[in-house]
Number of protein chains: 2
Amino acid sequence: MRVKEPNSWTQIREELLRRINERVWQPGEIIPGEADLAEEFGCARTTVNRALRDLAETGLVIRKRKAGTRVAINPPHKATLTIPVIREEVEARGAAHRHVVTLREIRPLPPHLHAAFPVPPGADALYTETLHYADDRPFLFEERYTNLEAVPEIAIAPMDKISLNEWLVQNAPYTTGDMAFFAISADAGLARFFECPVGTALYVVERITWNGDLPITHVRMTYAPGYRMRTRI
Amino acid sequence: MRVKEPNSWTQIREELLRRINERVWQPGEIIPGEADLAEEFGCARTTVNRALRDLAETGLVIRKRKAGTRVAINPPHKATLTIPVIREEVEARGAAHRHVVTLREIRPLPPHLHAAFPVPPGADALYTETLHYADDRPFLFEERYTNLEAVPEIAIAPMDKISLNEWLVQNAPYTTGDMAFFAISADAGLARFFECPVGTALYVVERITWNGDLPITHVRMTYAPGYRMRTRI
DNA sequence: TAGTGGTCTAGACCACCGC
DNA sequence: CGGTGGTCTAGACCACTAG
């Protein structure tokens, strides 16, 4: 049962989508220009542009000036992951969030992070380990290095009421970042926290954020066994 | 007074971004309406709208009709994962891609998939197992159920030159999908393929795609030990 | 119900780039 | 060079929703 589209540019997008999916326009083929489509649909060129721009963002068509718009040959799957503050993620599951800071000290950045997280030589970082619980069940283990030069106020940040995770989101804006997703085996420490056997496969998210050229923080978040990160595409 | 810089929506976005990052506008605070900003920047309201729409897409501001635009309190981290065809992912790493179909048979859908992948009762699915190699090193293990009712032509699809992965991308359009990312321990079969110990932590991506209400395919892709999925935010 | 964002139009100029 | 998409404008009407 089709729902009537509320506005024009989404309707046009759906019609273009239909022509692509039903091979009216073959993969790799050039499609009519914006002006032609605008005339066909009886709307302004801006409206067609909006629809085509949306399709280009999802990778379904490739647009180039002068060359025109082509249907992508191998349209990539694009998934947008929204990674909220840990507290909100826990509460979204209907659980109560609680966190405990188990370690908080100034220490030099470990060598294996120097390449990805180039703080000035000799500079120290704030290292923190935080346990996050959902309804008193272990949920996530967070290891974080924060560049004191970039966020000096962090030395006096309260970490009992609000987690460092949330404090940084609110107080340390970033411009770019790198994320990595992978799997590790639980070592003794993780096994103890998650109450699982050593060697259990765990899902890990690593994130490095920057404010311009200034590295802000490097965080590794290890989720409880069985965790699945989900998204809709 | 002549302004050298032409008004551009990206410039306006950067200025709005600056005001948010420098706390000119506090988190949670309402910011001026589009009309006011347009007057301030000396541009059309449409241009301000474009900039604000972009900020809203990244989650940095929350927009509501009548209520206005507010700075987000806990701006979520959003990461866009681009998941290309496996062959292209391997080749992007400078390696040669090769795949082997080790199993291809019609079988009923296993019970544990019925909830997430509701093919009609009694209907069969095409089950395939494919090994993907990068320069002859094992790269990925793919287990796939494909709904024969949705993609009947798949029964005669060639699977030697082009992998089922790529064939489906090119021939079976989808409208929506669900993805999940998690970690598992290698069982005996995976350990043999990846030449790693049983129990090694492996990164897994699962994807279910739909064309409207019609389920297309359910695929589980298990990556080689040490694999990291990366993205820039 | 009034105010705000969402969208559309008709026209214009510009940037890019294949030819 | 000329064609195409990218952007901007000034104005208009509409959709949603807080108060």
Side-chain angles (χ1 to χ4, degrees), chain A residues 2-17 19-20 24-73 75 80, chain B residues 1-17 19-20 24-73 75:
Chain A
R2 283 200 47 79
V3 179
K4 189 181 153 218
E5 294 287 349
N7 48 19
S8 174
W9 75 267
T10 49
Q11 283 176 28
I12 292 174
R13 183 191 56 190
E14 295 314 308
E15 170 61 15
L16 300 176
L17 202 52
R19 295 186 188 181
I20 292 171
V24 178
W25 295 325
Q26 300 286 324
E29 187 182 342
I30 196 167
I31 74 175
E34 295 186 349
D36 294 335
L37 290 171
E39 187 181 1
E40 177 193 340
F41 292 124
C43 68
R45 184 170 77 93
T46 317
T47 308
V48 173
N49 179 279
R50 183 89 157 86
L52 280 171
R53 196 151 37 79
D54 198 70
L55 291 178
E57 276 172 11
T58 69
L60 220 57
V61 300
I62 314 286
R63 318 198 72 195
K64 276 187 200 157
R65 286 168 153 124
K66 165 69 178 179
T69 301
R70 290 180 180 280
V71 180
I73 302 207
T80 301
Chain B
M1 187 57 95
R2 178 146 322 248
V3 181
K4 284 190 289 188
E5 303 272 353
N7 273 330
S8 136
W9 71 269
T10 51
Q11 286 176 21
I12 292 175
R13 182 191 56 191
E14 294 315 307
E15 169 62 14
L16 299 176
L17 202 51
R19 296 186 188 181
I20 292 170
V24 178
W25 294 325
Q26 301 286 326
E29 186 181 341
I30 195 167
I31 75 175
E34 294 186 349
D36 294 335
L37 291 171
E39 187 180 3
E40 176 192 340
F41 291 123
C43 68
R45 183 168 78 92
T46 316
T47 307
V48 173
N49 180 279
R50 183 90 158 85
L52 280 171
R53 197 152 36 81
D54 198 71
L55 291 177
E57 275 171 12
T58 68
L60 221 57
V61 300
I62 314 287
R63 316 199 71 195
K64 276 188 200 156
R65 287 168 154 124
K66 166 71 176 180
T69 301
R70 290 180 180 277
V71 180
I73 300 201

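All of these numbers come straight from a predicted model, not from anything done at the bench. Naming: A, B, ... by sequence-line order, numbering from 1 per chain.
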Whole angstrom value for the distance that separates C1' of D:dA18 from CZ of B:Arg70: 11 Å

More than 12 heavy atoms of other groups within 6.0 Å of B:Glu39 CD: no

Below 4.0 Å: OP1/OP2 of D:dT7 and any side-chain N or O of B:Arg50: yes

B:Arg53 CZ to D:dC8 P, straight-line distance once rounded to whole Å: 11 Å

Carboxylate-amine/guanidinium proximity below 4.0 Å for B:Arg63 and B:Glu34: yes

Integer-rounded Å distance: C:dT9 C1' and A:Glu39 CD: 16 Å

Base-pair map of DNA chain D as dot-bracket, where | denotes pairing with a different strand and pairs are Watson-Crick or G-U under 3.5 Å: ||||||||||||||||||.

Under 4.0 angstrom between B:Asn49 side-chain N/O and C:dG6 OP1 or OP2: yes

Whole angstrom value for the distance that separates C1' of C:dT9 from CH2 of A:Trp9: 17 Å

Nearest heavy atoms of B:Ala72 and B:Pro27, plus distance in Å: O-CB, 3.9 Å

d(CD1, A:Ile30; P, D:dG3) in whole Å: 14 Å

Residue pair A:Leu16 / A:Leu37, side-chain heavy-atom distance below 4.5 Å: yes

Non-hydrogen side-chain atoms of A:Leu55 and A:Arg13 separated by less than 4.5 Å: yes

Sub-4.5 Å side-chain heavy-atom contact between B:Phe41 and B:Thr47: no

Sugar-phosphate only, base, or nothing, as touched by B:Thr46 at under 4.0 Å among non-hydrogen atoms: base

B:Glu57 CD - C:dG5 P separation (whole Å): 16 Å

d(CD1, A:Ile12; P, C:dT9) in whole Å: 7 Å

For atom CZ of A:Arg45 and atom P of D:dT9, their distance in whole Å: 16 Å

Nearest-0.5 Å distance that lies between atom CG in B:Asp54 and atom CG in B:Leu60: 10.0 Å

Quick one: which protein N/O atoms are closer than 3.5 Å to N/O atoms of nucleotides 2-4 of chain C? Pair and distance per line, please.
{"unit_1": "C:dG3", "atom_1": "O4'", "unit_2": "B:Lys66", "atom_2": "NZ", "d": "3.3"}
{"unit_1": "C:dT4", "atom_1": "O2", "unit_2": "B:Lys66", "atom_2": "N", "d": "3.3"}

Side chains of B:Leu52 and B:Ile31 in contact at under 4.5 Å (non-hydrogen atoms): yes

Within-4.5 Å side-chain heavy-atom neighbours: A:Gln11 and A:Glu15: no

